[in-house]
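Take a look at the structure set out below.
By convention here, the first residue in the shown sequence is residue 1. Below, each value reflects all heavy atoms present in this structure, side chains not excepted, and no hydrogens, waters or symmetry copies.
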Amino acid sequence: MKFLEYTPFESINYFLSHLNLGECTLKGNLEAYSCKHIGADRKLSLSLEHEILDYLGQSSESDSSSPIEFLSSRSSRKTLIYLFLTLSHMYPDYDFRPVQAHHLFRDEEWDGFKQIFDTYLFEAAKKWSLTNDDCSLFDSISKAIDEVVKLAECEIYSFNPDIEEDPFVEKGAIWSFHFFLYNRKLKRVVSFRCCCLSNLVADGFLMDHEMIDDDDDDDDEDIFNEMDM
């Protein structure tokens, strides 16, 4: 997978890179990748394909909604491998494997994407419009993505790991989302990820309070030690 630089993403990424909203800070970005193999991609793709086929051969599930039914399609396996190659390039220190974690990807509709955007980026959208001549943040992001992967032709997937296993999420995270928009014809993937971090944790507020609580416990012990029991 090859990282692609696109000017339409720059202003949006700058805005979302560290957006302070008072009690919390948003961190997000857009990235584009070509599905063209580079480096060890081809070797990893073959390895993942064999791993999946071995998994299929050892399993007997037949439910149409099961991993087996999904992975039985060559096209689905190829899409899954592209998504995992993208993750591997984004997070080189993580070892992603589609057989164990393919269920973390979920098909999404554009309406679902917009609903999540409207719910979680409501305050960010207001700030964007104030500094961009009342331009909609959602429309700006949609237009930028469309220039890269043509939204009408895209498949949309959400990545849903446990929050403690999400490589993008930092300490103090309140919520996060991560979408992939994949154009099969253009062989391109756009990643859109965003998380919200508590400023209280970032400022050490919780740590300070934990230390205070510990000190209080020590004081209580001293008081009890001085009492005649």
Side-chain angles (χ1 to χ4, degrees), residues 1-6 9 28-113 116 144-169 176-195:
M1 307 292 284
K2 182 180 179 181
F3 176 75
L4 303 173
E5 294 188 11
Y6 278 97
F9 288 173
N29 74 338
L30 288 158
E31 293 182 0
Y33 291 85
S34 164
C35 295
K36 180 180 180 180
H37 286 165
I38 61 172
D41 284 346
R42 186 174 300 280
K43 182 177 179 180
L44 180 56
S45 294
L46 291 173
S47 174
L48 296 177
E49 174 77 4
H50 291 152
E51 185 178 331
I52 294 171
L53 293 176
D54 288 344
Y55 174 73
L56 291 174
Q58 296 170 8
S59 188
S60 59
E61 295 182 48
S62 59
D63 183 358
S64 61
S65 62
S66 74
I68 305 306
E69 186 69 20
F70 175 80
L71 293 174
S72 295
S73 163
R74 167 62 180 153
S75 177
S76 295
R77 293 198 303 272
K78 191 172 182 180
T79 297
L80 187 62
I81 288 172
Y82 280 145
L83 294 178
F84 271 84
L85 287 176
T86 304
L87 281 173
S88 295
H89 280 272
M90 294 172 67
Y91 308 107
D93 295 332
Y94 279 74
D95 183 21
F96 294 103
R97 284 293 183 268
V99 169
Q100 291 85 356
H102 80 276
H103 60 280
L104 299 179
F105 287 98
R106 184 170 58 231
D107 290 337
E108 299 286 353
E109 300 293 336
W110 182 247
D111 288 344
F113 173 87
I116 290 175
I145 294 175
D146 186 60
E147 288 185 36
V148 179
V149 289
K150 298 189 183 300
L151 283 174
E153 300 175 1
C154 276
E155 302 166 21
I156 305 175
Y157 299 91
S158 60
F159 180 56
N160 304 282
D162 294 333
I163 193 165
E164 63 272 12
E165 297 177 354
D166 190 336
F168 179 59
V169 170
S176 69
F177 62 73
H178 196 162
F179 286 95
F180 291 92
L181 299 99
Y182 169 53
N183 186 310
R184 195 179 297 270
K185 295 178 181 178
L186 296 177
K187 292 187 177 181
R188 292 178 190 165
V189 177
V190 167
S191 159
F192 178 40
R193 51 187 170 162
C194 192
C195 72

TODO: Determine, using ring centers only, whether Phe180 and Tyr82 are less than 6.0 Å apart.
DONE: no
TODO: Rounded to the nearest 0.5 Å, what's the gap from NE2 on His178 to CE on Met90? Could you check?
DONE: 4.0 Å
Open item on the list: I need the Leu48 CG to Leu85 CG distance, nearest 0.5 Å.
Closed with: 6.5 Å
TODO: Heavy atoms only: give me the nearest Ile145-Leu151 pair and the separation to one decimal.
DONE: CG2-CD2, 3.6 Å
TODO: To the nearest 0.5 Å, tell me how far His50 NE2 sits from Ser45 OG.
DONE: 11.0 Å
Task: Euclidean distance, Leu44 CG relative to Ile81 CD1, rounded to 0.5 Å - done: 8.0 Å
Open item on the list: Set out, in order, the CA-CA distance, both residues' side-chain angles and the distance that settles side-chain contact (heavy atoms from CB on, under 4.5 Å) for Leu53 and Arg77, then state yes or no.
Closed with: CA-CA 10 Å; Leu53 293 176; Arg77 293 198 303 272; 3.9 Å; yes
- [ ] Kindly say whether Arg188 contributes a backbone atom to a donor-acceptor pair with the side chain of Asn183 at under 3.5 angstrom?
- [x] no
Task: Distance (rounded to the nearest 0.5 Å) between Asp93 CG and Tyr91 OH - done: 11.5 Å
TODO: With Glu49 as reference, evaluate Arg42, Lys78, Arg74 under the salt bridge (charged side-chain N to carboxylate O under 4.0 Å, His left out) test and give the passing residue.
DONE: Arg74
Task: Aromatic ring pairing Phe105/Phe159, orientation class (parallel under 30°, perpendicular over 60°, tilted between) - done: tilted
Task: Nearest heavy atoms of Val189 and Leu83, plus distance in Å - done: CG1-CD2, 4.5 Å
Task: Heavy-atom donor-acceptor pair, Ser47 side chain to Lys43 backbone, under 3.5 Å - done: no
TODO: Using ring-ring contact (aromatic ring centres under 6.0 Å, His included) as the criterion, point out the one residue from Tyr6, Phe3, Tyr182 that pairs with Tyr33.
DONE: Phe3
- [ ] Assess whether side-chain contact (heavy atoms from CB on, under 4.5 Å) is satisfied between Ile156 and Glu109, documenting all intermediate values.
- [x] CA-CA 7 Å; Ile156 305 175; Glu109 300 293 336; over 6 Å; no
Task: Over all atoms of both residues, closest heavy-atom pair of Ala32 and Phe9 - done: CB-CE1, 3.9 Å
Task: Nearest-0.5 Å distance that lies between atom OG in Ser158 and atom CD1 in Ile116 - done: 6.5 Å
- [ ] May I ask you to decide if the ring planes of Phe192 and Phe113 are parallel, tilted or perpendicular, using 30° and 60° as cut-offs?
- [x] tilted
